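Structure record follows, encoded as structure tokens.
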Number of protein chains: 2
Amino acid sequence: MTRPKEFDEAEVLDRALDLFRARGFKHTSFADLVKELGVSRQSLYDTYGDKQALYHAALARYLVRNLDRLRRILDEAAPVRQTFAELFDAMIEGNCANGAPGCMMVNAMVELAPHDAETRAVAARHVREVEGLYASRLSRAQRAGELARTKDPVALARFLYHTVLGLSVAARALGDRDNLRQSARIALQVLD
Amino acid sequence: MTRPKEFDEAEVLDRALDLFRARGFKHTSFADLVKELGVSRQSLYDTYGDKQALYHAALARYLVRNLDRLRRILDEAAPVRQTFAELFDAMIEGNCANGAPGCMMVNAMVELAPHDAETRAVAARHVREVEGLYASRLSRAQRAGELARTKDPVALARFLYHTVLGLSVAARALGDRDNLRQSARIALQVLD
DNA sequence: ACCAAAATGGAACAAGCGTTCCAAATTGAG
DNA sequence: CTCAATTTGGAACGCTTGTTCCATTTTGGT
């Protein structure tokens, strides 16, 4: 009964994601979006709402995808240390590839969190989620005898995520893949 | 022969620093600066140049101050581990206080480095400088027998700085001082 | 074939941006 | 006292921003 969309809603959202991730919210104008996504202003507004809504839709998509990958890696039946090594490597590769855009969540935390309550809430929830996943993997490692019982899985998880934040910043601003991998390997010493 | 400035050039620069540090470059308008610094547009232009020049002057001031504090702490005659603990604590306190603005260099790295060559160069130089200071303190620790010879001071320094980057992001977006201190303590385990 | 629904591109809008111009006020040196 | 220098606030500029309006085109179901 209606004319079908001439563009793939999800695919366009992905390209918006790439733009916002690389340039940030303020540095990406709506005109940029129209030009680079190849979709008319009005269609963008009708489909996604205003610029802020589009941004948050892209961010949400990014986070879901990130959590999926994270869960997939954590669920593998490998030793903890190897698992986190793989996790760090995947993160470094993803943050350095394609012009080193870094982590979109980190970029949002720095650019928007201080003056946007929604971003702050999204960030807090995501951080809690990731740290929770890390911690439960570490607890599992303790039960399996892979990790000393003296360690605090929650504190360790937080530290590991803080390391991820730092590596994401370095990836975006410096983009030195090998150095990041070396740092990640050192960070994993806390598991010994 | 001329009318003296009605404002203290350095003091105004400090207030500009606080604004840029808290809000970022794009999110701080020139009108904001005029209003919050209490200095007329024209005086700002005459004294500091345009917005970008003012920003970079503020950033440079921030970095000098940071490096001074860093050198002061590293030059103390305390054990390495205690020195770096103090260093992390000072950094956390500075990044969480006054509305948790985080580290201005980190903020610039995330917001500006990807599309501003000057910021990128400043960041690269600063990172090299800080990592160098860390590394030489670690080498000194090795010579003093405080740190195992098997460790690589340069890699360790890089890791410690990456940790600082991560803590700065968390400070700005989440502002949980105690968690950060706990993370910092865990990071220091790599010195053992 | 026709109509309702939805997409499209272009024009238009008000607001905010960084920046410059200008006239008036204020100062210190001679 | 006067003059040159330099301050200051306000008006103005041109540009970009995010957003909306509108007329047109294109589609699918009846």
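Chain letters run A, B, ... following the sequence lines, proteins first, then strands; residues in each count from 1. Keep in mind it's a predicted model, so treat the numbers as computed, not measured.
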Rounded distance in Å - [atom1] ([X]) to [atom2] ([N]):
X        : N       : atom1 : atom2 : result
Leu54(A) : dT19(D) : CG    : P     : 10 Å
Lys51(B) : dG18(C) : NZ    : P     : 4 Å
Tyr45(A) : dG10(C) : OH    : C1'   : 15 Å
Arg41(A) : dG18(D) : CZ    : P     : 11 Å
Gln42(B) : dG18(C) : CD    : P     : 15 Å
Tyr55(A) : dG18(D) : OH    : C1'   : 17 Å
Gln52(B) : dC17(C) : CD    : P     : 17 Å
Glu9(B)  : dT6(D)  : CD    : C1'   : 14 Å

Can you confirm if the aromatic rings of Tyr45(A) and Phe30(A) lie within a centre distance of less than 6.0 Å? yes
With a 6.0 Å cut-off on the ring centroids, do Phe20(B) and Tyr62(B) count as close?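 They do not qualify: ring centres at least 6.0 Å apart.
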Under 3.5 Å side-chain donor-acceptor pair for Arg21(A) and Asn98(A):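 On atom types as modelled, these side chains do not qualify, holding no pair under 3.5 Å.
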Thinking salt bridges, do Asp14(B) and Arg65(B) make one under a 4.0 Å N-O criterion?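 Yes, Asp14(B) and Arg65(B) are salt-bridged.
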Does a side-chain N-to-carboxylate-O contact under 4.0 Å join Arg81(A) and Asp192(A)?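 So Arg81(A) pairs with Asp192(A) through a salt bridge.
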Do any side-chain nitrogens or oxygens of Ser40(A) fall under 4.0 Å of OP1 or OP2 in dA7(C)? no
Specify the residues of residues 23-35 of chain A, ordered by number, for which at least one heavy atom lies under 4.0 angstrom from an atom of DNA chain C. none
Checking Ala173(B) now: which residues fulfil side chain to side chain contact (heavy atoms under 4.5 Å, CB included) with it, not counting sequence neighbours?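 For Ala173(B) the side chain to side chain contact (heavy atoms under 4.5 Å, CB included) partners, ignoring immediate neighbours, are Met109(A), Ala113(A).
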Just compare dG18(C), dA7(C), dT19(D) and give me whichever is closest to any side-chain atom of Asp46(A).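 Closest nucleotide to the Asp46(A) side chain: dA7(C).
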